[in-house]
Amino acid sequence: MTLRCAVLDDYQDVVLSMADWGRLDGRVDVTVFREHLDSEDAVAAALADFDIVVIMRERTPFPASLIERLPKLRLLVTSGMRNASVDLAAAARAGVVVCGTGSSKASTVELTWALILGLVRNVAVENAAFHAGGPWQSTIGTNLAGATLGLVGLGQIGSRVAAVARAFGMEVLAWSQNLTEERASAGGATLAGSLPELMAASDIVSVHVVLSDRTRGLIDAAALAHLRPGACLVNTSRADIVDQAALLDALRHHRIAGAAVDVFATEPLPADDPLRGLPNLLATPHLGYVTRENYAQYFRETVEDIEAFLAGEPIRVIS
């Protein structure tokens, strides 16, 4: 019997060119969805007849309520080996195997620095003025050399961000709930005694912790209040680590110089979201992992995951 496979959220229309899907011919029929399905009802209706679903990170959540509405679903493949939007317990109860793929950390590190540089040198403002025939120079940037970068999280991504900061001649502080002085030193940073201490001492704060019950809302109004008026916040991790209302308020009232974010509580971000109207916010539409190299790995390994599942020996199982 031929199984049906749905690949969701192929925004750039590249999925089928990124891997040899022909290896599944005769066993799996693949359907690609380019447009985002923006409600659980829409997802449930569109996927009712599919045995396999491939999702891109957290673009389309799979909570228990959705999994229960997809009785034919047998295999769920996500890019990356961590996806906070999939209810793994509900999948297990429903007999759905959840598999992942490898993922490069380099792409998020590189985007983090693109955002930092864009923020401190006002790249978006000056580029917009250039194309609109506006003033020739209207902003003044700030140097990174000699500035202090505060890292909330010093794992695989945070430590690579720290290495680049040192190359720019920056001082690097780091803090997280479990970070020790020895691990901070090994990662090229000085351990801050607390989150408030890190926020107060930093010119730029960049978030690199994993979203969990402990980190949800970690950067709240109280934490933001410790930032100096000339400081900036950068978030390429997960939106819910930062209290979105508090960030909006801080930017609206210019309590901080600016922010750069690549992640949002709702994606795609609604056209009328107030974040879209903030001139001191540099934003990208969750591009941290969106590179040709990453996509090639995602979908090559997705095909491998499906083949292994068909053979009765699933690989890269997430549980």
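- Side-chain contact check for Glu40 versus Pro63: some heavy-atom pair is nearer than 4.5 Å.
- The line from CD1 of Ile204 to CG of Leu233 is 10.5 Å long, rounded to the nearest 0.5 Å.
- Using modelled atom types and a 3.5 Å distance limit, the side chains of Arg57 and Tyr298 yield a donor-acceptor pair.
- Within the 4.5 Å cutoff, the side chain of Thr236 has heavy atoms near those of the His208 side chain.
- To the nearest 0.5 Å, atom CZ of residue Arg74 and atom SG of residue Cys5 are 12.5 Å apart.
- Side-chain contact between Leu227 and Leu224 is present, with heavy atoms from C-beta onward closer than 4.5 Å.
- In this model, a donor atom of one side chain and an acceptor atom of the other lie less than 3.5 Å apart for Asn83 and Ser85.
- A salt bridge links Asp203 with Arg228: at least one charged nitrogen is closer than 4.0 Å to a carboxylate oxygen.
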Note to self: Test salt bridge (Lys or Arg N to Asp or Glu O under 4.0 Å) on Asp41 and Arg69; report intermediate values, then the result.
What the structure shows: CA-CA 9 Å; Asp41 287 345; Arg69 298 172 69 178; 2.9 Å; yes

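- Taking all atoms of both residues into account, the shortest heavy-atom contact from Ala84 to Glu58 is N-OE2, 3.4 Å.
- When all heavy atoms of Ala239 and Asn235 are compared, the closest pair comes out as CA-ND2, 3.9 Å.
- Ionic pairing of Arg34 and Asp9 is not present here: no N-O contact between side-chain nitrogen and carboxylate oxygen is shorter than 4.0 angstrom.
- Nearest approach of Ser176 to Val209, heavy atoms of both residues: CB-CG1, 4.2 Å.
- The number of heavy atoms from other shown groups lying within 6.0 Å of CZ (Arg121) does not exceed 12.
- In this structure, Thr101 and Gln297 have side chains that are not in contact, with every pair of non-hydrogen atoms separated by 4.5 Å or more.
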Do any side-chain atoms of residues 135-151 form donor-acceptor pairs under 3.5 angstrom with protein atoms, and if so which ones, sequence neighbours left out?
unit_1 : atom_1 : unit_2 : atom_2 : d
Thr139 : OG1    : Asn122 : ND2    : 3.4
Thr139 : OG1    : Glu126 : OE2    : 2.6

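- The backbone N or O of Val14 sits less than 3.5 Å from a side-chain atom of Asp10, completing a donor-acceptor pair.
- A side-chain donor-acceptor contact under 3.5 Å links Ser194 to the backbone of Glu197.
- When all heavy atoms are compared, the tightest approach of Cys99 to Leu75 is SG-CD1, 3.9 Å.
- With rounding to the nearest 0.5 Å, the separation of CE in Met199 from CD1 in Ile219 is 4.5 Å.
- In Arg276, the CZ atom is crowded: over 12 heavy atoms of neighbouring residues, nucleotides or ligands sit closer than 6.0 Å.
- For Thr291 (side chain) and Asn294 (main-chain N/O), a donor-acceptor pair under 3.5 Å exists by modelled atom type.
- Considering all non-hydrogen atoms of both residues, Thr2 and Gly26 come closest at OG1-O, 3.6 Å.
- Chaining together hydrophobic side chains whose heavy atoms lie under 4.5 Å apart leaves Val125 on its own.
- Considering only heavy atoms from C-beta on, His36 comes within 4.5 Å of Thr60 through its side chain.
- More than 12 heavy atoms of other residues, nucleotides or ligands lie within 6.0 Å of CZ in Arg27, so this atom counts as buried by the packing criterion.
- Grouping Ile, Leu, Val, Met, Phe, Trp and Tyr residues whose side-chain heavy atoms lie under 4.5 Å apart, directly or via other members, leaves Val123 alone, with no other cluster members.
- At least one donor-acceptor pair under 3.5 Å links the side chain of Gln244 to the backbone N or O of Val242.
- Within 6.0 Å of atom CD in Glu35, 12 or fewer heavy atoms from other residues, nucleotides or ligands are found, so the atom counts as exposed in its surroundings.
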Next item on the list: Please lay out, stage by stage, how Leu278 and Arg252 fare under the test side-chain contact (heavy atoms from CB on, under 4.5 Å).
Entry: CA-CA 7 Å; Leu278 296 174; Arg252 273 180 168 167; 3.7 Å; yes

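- Side-chain contact between Trp21 and Thr302: present, with at least one pair of heavy atoms (C-beta onward) separated by less than 4.5 Å.
- A cation-pi arrangement is found for Arg59 relative to Tyr11, the charged atom lying closer than 6.0 Å to the ring centre and inside a 45° cone about the ring normal.
- Within 6.0 Å of atom CD in Gln12, more than 12 heavy atoms from other residues, nucleotides or ligands are found, so the atom counts as buried in its surroundings.
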Notebook entry, point to check: Checking side-chain contact (heavy atoms from CB on, under 4.5 Å) for the pair Val7/Thr31: CA distance, chi angles, key distance, verdict?
Noted result: CA-CA 6 Å; Val7 182; Thr31 300; over 6 Å; no

Margin query: Walk me through whether Asp51 and Arg4 qualify under salt bridge (Lys or Arg N to Asp or Glu O under 4.0 Å).
Written below: CA-CA 5 Å; Asp51 310 277; Arg4 297 191 66 197; over 6 Å; no

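- A 4.5 Å side-chain heavy-atom check between Val261 and Leu281 finds at least one atom pair inside the cut-off.
- No donor-acceptor distance shorter than 3.5 angstrom exists from the side chain of Asp243 to the backbone of Ala221, with no hydrogens or angles considered.
- Arg214 places no side-chain N or O within donor-acceptor distance of the main-chain N or O of Gln177, the cut-off being under 3.5 Å.
- Nearest heavy-atom pair across Ile315 and Ala308 is CG1-CB, 3.7 Å.
- Thr284 and Asp262 share a donor-acceptor pair across their side chains, judged by distance under 3.5 Å alone.
- Under a 3.5 Å cut-off, the side chain of Ser202 and the backbone N or O of Val205 do not form any donor-acceptor pair.
- By the 4.5 Å side-chain criterion applied to Ile, Leu, Val, Met, Phe, Trp and Tyr, Phe33 is assigned to a cluster that also includes Leu8, Leu37, Val43, Leu47, Phe50, Val53, Ile55, Phe62, Leu66, Ile67, Leu70, Leu73, Leu76, Met81, Val86, Leu88, Val96, Val98, Ile318.
- Counting only residues at least two apart or in different chains, salt bridge (Lys or Arg N to Asp or Glu O under 4.0 Å) contacts with residues 308-317 comprise Glu301-Arg316, Glu304-Arg316, Asp305-Arg316.
- Using a 4.5 Å cut-off on side-chain heavy atoms (C-beta onward), Lys105 and Arg160 make contact.
- Note on residues 96-124: pairs passing ring-ring contact (aromatic ring centres under 6.0 Å, His included), not counting sequence neighbours, are Trp113-Phe168.
- Of the possible donor and acceptor atoms, none in the side chain of Ser185 sits under 3.5 Å from a partner among the backbone N and O of Glu181.
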